[in-house]
Amino acid sequence: MDALLELDAVTKEWFGVPAVSDLTLRIPRGEVVGIIGENGAGKSTLMNVIGGVVPPTRGRMRFKGADYAPAAPADATGAGIAFIHQELNLFTNLSILDNVFITGFPRRFGLADRRAAATVTRTLLERLDIRHDPETLVEDLAPGERQLVEIAKALHRSVDLIIFDEPTTSLTPRETVRLFEVISGLRREGRTVIYISHILSDVRALCDRVAVLRDGRLVDEGPVGDFGIARMIRSMIGRELSSLFPPRSAAPSEKVLVQARGLSQPGVVEDITFSIREGEILGLFGLMGSGRSELARIFFGLDPVAEGSLIVAGRAVSGGPMARISDGIAFVTENRREEGLLMDAPVAENISLATVEQLGRGPLGLLDRDVERAVAERAKVDLSIRASDLSRLPVRSLSGGNQQKVVIAKWLAAAPRLFILDEPTRGVDVGAKYEIYALADRLAAAGNAVLFISSELEELTGMCDRVLVMNRGEITAGFDRAPDMPHFDREALLAAAFREVVA
Amino acid sequence: MSAGASFRERAVDLALRRATVIIFAVVLLYFGMQAPLFLGVENLGNIVKQSAFLGIAAIGITLVLLTGGIDLSVGSVMYLASLAAGFAMRDMGVGVAGGVLAALGAGALLGAINAFFIVRLGIVPFIVTLATLFAFRGFGAFLTSSRQFDFPPGLRSFGLASVMGIPVPVLVFATVAVVAHLALTRTTFGRQVYAVGNDATGAVKAGIPLGRVRAAVYVISGATAGLAGFILIAQIGRIDAGFGQGREFDVIAAAVLGGASLFGGVGTAFGAVIGATLMQTVNTGLAFSGMNLYLQPILQAGIIFLAVLVDSLRQSRQMLRRRRTIRPIQR
């Protein structure tokens, strides 16, 4: 078996902590290799090592039979490796043609020969079945088409290895099918593909081989025929699914705490009606672009809503985030780095952020630092936040899981009744995930309502009392946990989320 | 959105995109009605000639704005680079052609100083060029002891000359505009300038030499500022200590009026030409219609504000459209 890329005992340590350890892997030429693993399993570090973004601490790599030690991303590109990331690397203010030729145009009389470039681009686009003029601006393309443009760029450079990192998260099912056809085409041309994904059924359908990473190690590898979904999951988490989630400590009461009625905003959401009871964790499942995060923003008063009402604890809520906070809504955002936390401010200041008005003392309302510190210390013990000096340490220096706990601590200080958790475990390692689940359970057990938004079906089915499915801004289905506490009907849930609406 | 957009929506879009041109037409029409002579060939020619100074520098700074940067030092570069050309002509005896080259070269060198601090030392462009705004002018004042500097008499006959009926400043202006347009649209470098302004980190990942592109735009902005200063001096024949002072804001205003975005990635060379010419048209028109001269800055401000307002309207319309497409909008 001819290997295109060989990794030999590659290790990457961050400050002595291994993110990838002693990894030996062969990527055979002309095959599609799926790499799977949980968040924090070392996939992105591994890709950064291959891509020349970071050098390995130990170990060697060989590419096309020669030693390969990229010092910069440009070296990887030059060697013939292309990366297609979740966030695309396209210049939206330029045309398709410009993006393909941005590192060098063909020239005629000293000037860029746009006509020759257009001819080349047109051929590339035809191969990928994109029906757009090469001069079309990228900002006018749909997400799926943009990804194909990225592939066109790779084809133009005639690369040998294309690495896809979670390419389907922002695609519609139809665009996904098209992408898979393109990847199959690449394989037929003899190109090698590394395909990283969380969607295990895709990996099964698309790949020739599967490699499983866990805690930075290669724990399982082989031809896809040997890998059922069950084996993939077992290898990825190293234990059975049931121990991933804490048991729910209390059943929800019958009393309705949150009631959304007919929330509609043209082009965003349509007739959203549901209720959450005291002590209930309600899951909201949907793919990217299904409108779940937009709904959360409407709940929190960040986006306008044209019709409908939202009642929390018997009161109709309205107005902006400030009013909503005092009405008892807490919003743990999807993107805690940008929206939920002041990354360079100390932990204690972040925790007091939502309640800072209550910490004012004296006629000038000066901030009482002692109380602030006391509140933070209590939260630290309560949520087992691992941080040494709360009033000095910036949040940036904490791990993802501990950062998320700080966000939750901030909201707990405001004593809300409705918690909106939008992808609370994204980018958090397995152990910290468990703690966040336990926290969600505690919030519910204390008689609050929790709206748990996620694109990971496992955690929803593991934690929620009910799961609603969103698709194209509508709630398309609702699923109850069966009374004897087994699992949800996962297939039906997935089918509801993937339902392609005839536009 | 292409097929679904109504005629009215598309008309509004087009009007917003062509706002500067529309404002220009309205301004011309208005002054033409006030004083018919205003639209005469001679007067319009004069306006273009007087715009050359501002326009040349505006084209240069458009490149800087395209990368998402800023250059506050252009006014001081105009002064110091023209002064350098003056010394070269008086003390070294280079002719007018040598003077042009000296102004360009000195401007480029001053731009390179900006580029060094911005690219090599990683200091924010606003701060760097604010510092050099004072430093360059200060150095010029030191050289001349703030006294007026007289150029050799040959210069004015060059500055006021015409080639085939076209005044020299207009020729230079047109040349700079065409070269910049070709560089921006028809060279790899030009396309990379747009790319850098759209996404600087993405540019690095795409293999674009980010440092080189950013350095180049400051050098170019310096060179055009030097050339612009020299072109104006060539019409006056002397330079005093206040020359070019505060002009950086006129230059930036002209570029923005011409459609350049301060956030980078948007703008054209011809836009800068239109922006500069529009500003000059308003100035001349006010003088023509005998309006109180002290109202001039206020009217100018109004037009700039209008153009920028239209731009932000256009952008928020685009944002709205891009975000709200989870489901089709029923009407």
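Residue numbers begin at 1 in each chain, while the letters A, B, ... track the order of the sequences.
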Practice prompt. Go through the structure and list residues passing ring-ring contact (aromatic ring centres under 6.0 Å, His included) with B:Phe263, not counting sequence neighbours.
Written response: none

Worksheet entry | Within 6.0 angstrom of B:Phe117 CZ, more than 12 heavy atoms from elsewhere | no

Worksheet, complete the sentence: Quick note, side chain to side chain donor-acceptor pair (under 3.5 Å) partners involving residues 258-277 of chain B, not counting sequence neighbours, are none

Practice prompt. Using the side chain to side chain contact (heavy atoms under 4.5 Å, CB included) rule, pick out the option among A:Leu94, A:Leu90, A:Asn93 that qualifies with B:Asn198.
Written response: A:Asn93

Worksheet, complete the sentence: Ranking A:Thr92, A:Thr77, A:Val53 by heavy-atom pairs under 4.5 Å to chain B gives rank one to A:Thr92

Fill in: Of all pairs that satisfy side chain to side chain donor-acceptor pair (under 3.5 Å), the ones with a partner from residues 174-197 of chain B, not counting sequence neighbours
A:Asp98-B:Arg191

Worksheet, complete the sentence: Checking heavy-atom separations under 4.5 Å from chain B, one finds in residues 102-110 of chain A A:Ile102, A:Thr103, A:Gly104, A:Phe105

Worksheet item: In terms of heavy-atom proximity below 4.5 Å to chain A, should B:Ala203 be classed as side chain, backbone, both, or neither?
Response: both

Discussion item. Just so I know, are the side chains of B:Leu182 and A:Leu111 near enough to count as touching, which here means a heavy-atom distance under 4.5 Å?
Written reply: yes

